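Have a look at the structure below before the remarks.
All values below were derived from every heavy atom in this structure, side-chain atoms included, with hydrogens, water molecules and symmetry-related copies excluded. Since this is a predicted model, take the numbers as computed values, not measurements.
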There are 2 protein chains.
Amino acid sequence: MTILTTQHSPNWRSPITASDRVLFEIQQAIVEGRIVAGSKISEPELARRFDVSRAPLREALARLERCHLIERTPNAGARVVTLSAAGLLSLYQLREELEGLACRLAAEQMADAEIVELSQLLEQHLSTQRVREGESYYQEAGDLDFHYRVILGSKNPYLINILCDELYFLVRMYRVQLGMNGPRVSRAFDEHKVILQAIANRDGELADLLMRRHIAASRRNIEKQLNQKDFQHDYS
Amino acid sequence: MTILTTQHSPNWRSPITASDRVLFEIQQAIVEGRIVAGSKISEPELARRFDVSRAPLREALARLERCHLIERTPNAGARVVTLSAAGLLSLYQLREELEGLACRLAAEQMADAEIVELSQLLEQHLSTQRVREGESYYQEAGDLDFHYRVILGSKNPYLINILCDELYFLVRMYRVQLGMNGPRVSRAFDEHKVILQAIANRDGELADLLMRRHIAASRRNIEKQLNQKDFQHDYS
DNA sequence: TCCGCCAGAATTGTCGACAATCTGGCGTGA
DNA sequence: TCACGCCAGATTGTCGACAATTCTGGCGGA
């Protein structure tokens, strides 16, 4: 079995081909809301907008469907996904289970050197967090980076593929578009430290439990934001 | 959120488009081993073989990559996946967790009518199994059909997508190519009945546990076949 | 003999145009 | 007035050909 990391490996930049470049740009645009959630996608328009033919654009759309950022229906076109409370619940139900598993496997499978690196990563997050107090985006990126490494540590290629390629951007989309900027950043950091400790102790069961709680807390936090947003929406 | 069932819904036949038709044929060919595992895929050759242009063929290849039946590397082409003990382990690690979750959710979410239908399905399996004693393929199809319905009963679109679209055919590939024909069919049937009972009792926790055990047993069964195969291979 | 390099061939990525299908509005008839 | 069918426009699916990249085989030099 080959390595099978992160959709043929150019997951975080490396525009090998034109299709890759367009994919990255559209991914970012959807996550950040520049392409509005729920809007219809016109192939000719996007092709002109990103200055490519429809062939690589369609390739990119296929991959966007794969990570659940768009939904296609045959002979009818594609739409950007719409965010909803039900969708968020389904997504986090899955994340709880999958990242719990990943964390358990990581506690069993990660090399000692990887654990050391992960520890250093947390120390680094601590310093940058102290500097940019309350700044959410970088902390979020750091949070996802921590999760990223744990997932990779599971050494399960299918699990890695699902979490890092197919669900990753959707999670980011919910976070960004719901404006994650609450005071949860420091608490999340502490939870990361405890999880790392469990992994270092090779206690897979505990690591599993802690990661599930961590994600459940994150879910409740986002749901709170979502409810506020609905509240705003009702009176706007 | 839309329904999002099984890759735009034509999962089990319905060649809306030429790409779909080619996808189904190649899927079946790979699962059954007509296209040998590990072999390189030539786009022009397959295009001629299935009498389509390269455009819909490439679309089909993208979807085959999505369900892990082929692996593509940019500018270098695609290869059929190679089966391995490590891959099987990773796959079933995931299935245990995901189908356990699906079963728990199904116990909570399935409508009473669905549970009745599922019960009738099992009765039907019993009769056909009695008739075709020991015949593996149909029993296997029935087994997968049972799992299929439980997964759909979870009502979690992402979970459904992962299990029914992305992992389903790979599981079938392992089963078919390792020649699943052991005496496990009747035992699997009994396990299905117990699981259904737990779902009918709305006991999600128990249903989860039983499904995990059921899949673990299935995994051990396949691993046994795999070891025998390696054994044969050593002396051939 | 072995290694590195180069040219040719084959394959993949991309393009523009054509064909099949869907969407929206108009006209006709009840 | 409303429902139904039909037509025009636009969009998606498909095709064949060209461009860019990679793989293969053979040559030359150490």
Can you measure from CD1 (B:Ile41) to CD (B:Glu71) and round to the nearest 0.5 angstrom?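 Rounded to the nearest 0.5 Å, the CD1-CD separation comes to 10.5 Å.
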Gap between atom OG of A:Ser154 and atom CG of A:Leu163 - 0.5 Å precision: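 These two atoms lie 8.0 Å from each other.
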For A:Gly87 and A:Tyr174, which heavy atoms make the closest approach, and how far apart are they?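 Taking A:Gly87 first and A:Tyr174 second, the nearest heavy atoms are C-OH, 3.5 Å.
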Six-ring centre of B:Tyr92, B:Arg95 cation under 6.0 angstrom, axis tolerance 45°: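 Pair B:Arg95/B:Tyr92 counts as cation-pi.
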Side-chain heavy atoms of B:Arg66 within contact of B:Asn161, under 4.5 Å: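 Side chain of B:Arg66 against side chain of B:Asn161, heavy atoms only: contact under 4.5 Å found.
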Would you check if B:Ile70 and B:Ile26 make a side-chain contact, meaning some heavy-atom pair closer than 4.5 Å?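 Result no, sub-4.5 Å side-chain heavy-atom pair not found.
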Regarding A:Leu61, tell me which of base, sugar-phosphate or nothing describes its non-hydrogen contacts under 4.0 Å with the strands shown.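 No contact at all - A:Leu61 keeps every heavy atom at 4.0 Å or more from the nucleic acid.
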Would you indicate what A:Ile41 reaches in the nucleic acid, counting non-hydrogen atoms under 4.0 angstrom: base, sugar-phosphate, or nothing?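 The answer is sugar-phosphate, as A:Ile41 gets under 4.0 Å only of primed atoms, P, OP1 or OP2.
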Rounded distance (Å) that lies between atom [atom2] of [N] and atom [atom1] of [X]:
X: A:Ile16; N: C:dT12; atom1: CD1; atom2: P; answer: 17 Å
X: A:Leu57; N: D:dT12; atom1: CG; atom2: P; answer: 9 Å
X: A:Glu43; N: D:dG13; atom1: CD; atom2: C1'; answer: 9 Å
X: A:Glu45; N: D:dA10; atom1: CD; atom2: C1'; answer: 13 Å
X: B:Ile70; N: C:dT12; atom1: CD1; atom2: C1'; answer: 13 Å

Does a side-chain N or O from [X] land closer than 4.0 Å to OP1 or OP2 of [N], or not?
X: B:Lys40; N: C:dT12; value: yes
X: B:Arg58; N: C:dT12; value: no
X: B:Thr17; N: D:dT12; value: no

Is it the case that the side chains of B:His147 and B:Glu99 hold a donor-acceptor pair, with the cut-off being a distance below 3.5 Å and no angle test?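 Yes - a donor-acceptor pair under 3.5 Å links their side chains.
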Dot-bracket encoding of pairs in DNA chain D, which uses [ ] for pseudoknotted crossings and | for another strand, Watson-Crick or G-U under 3.5 angstrom: ||||||||||||||||||||||||||||||
What residues form a salt bridge (Lys or Arg N to Asp or Glu O under 4.0 Å) with A:Arg219, not counting sequence neighbours?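 Here the qualifying residues are A:Glu96, A:Glu223.
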Which atom pairs, donor and acceptor, lie under 3.5 Å between side-chain atoms of residues 106-120 of chain B and protein residues at least two apart or in another chain?
| residue | atom | partner | partner atom | Å |
| --- | --- | --- | --- | --- |
| B:Asp112 | OD1 | B:Arg202 | NH2 | 2.7 |
| B:Glu114 | OE1 | B:Ala111 | N | 2.9 |
| B:Glu114 | OE1 | B:Lys155 | NZ | 3.1 |

Under 4.0 Å between a side-chain nitrogen and a carboxylate oxygen: does that hold for B:Arg54 and B:Glu43?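 A salt bridge links B:Arg54 with B:Glu43.
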Taking only residues two or more places apart in sequence or in another chain, which ones pass side-chain contact (heavy atoms from CB on, under 4.5 Å) with B:Glu59?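 Expected list: A:Arg58, A:Arg72, B:Ser19, B:Arg63.
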Could you list the protein-to-nucleotides 15-23 of chain C atom pairs, N/O on both sides, closer than 3.5 Å?
| residue | atom | partner | partner atom | Å |
| --- | --- | --- | --- | --- |
| C:dC15 | OP2 | A:Ser53 | N | 2.7 |

Contacts under 3.5 Å, N or O only, protein and nucleotides 5-8 of chain C:
none

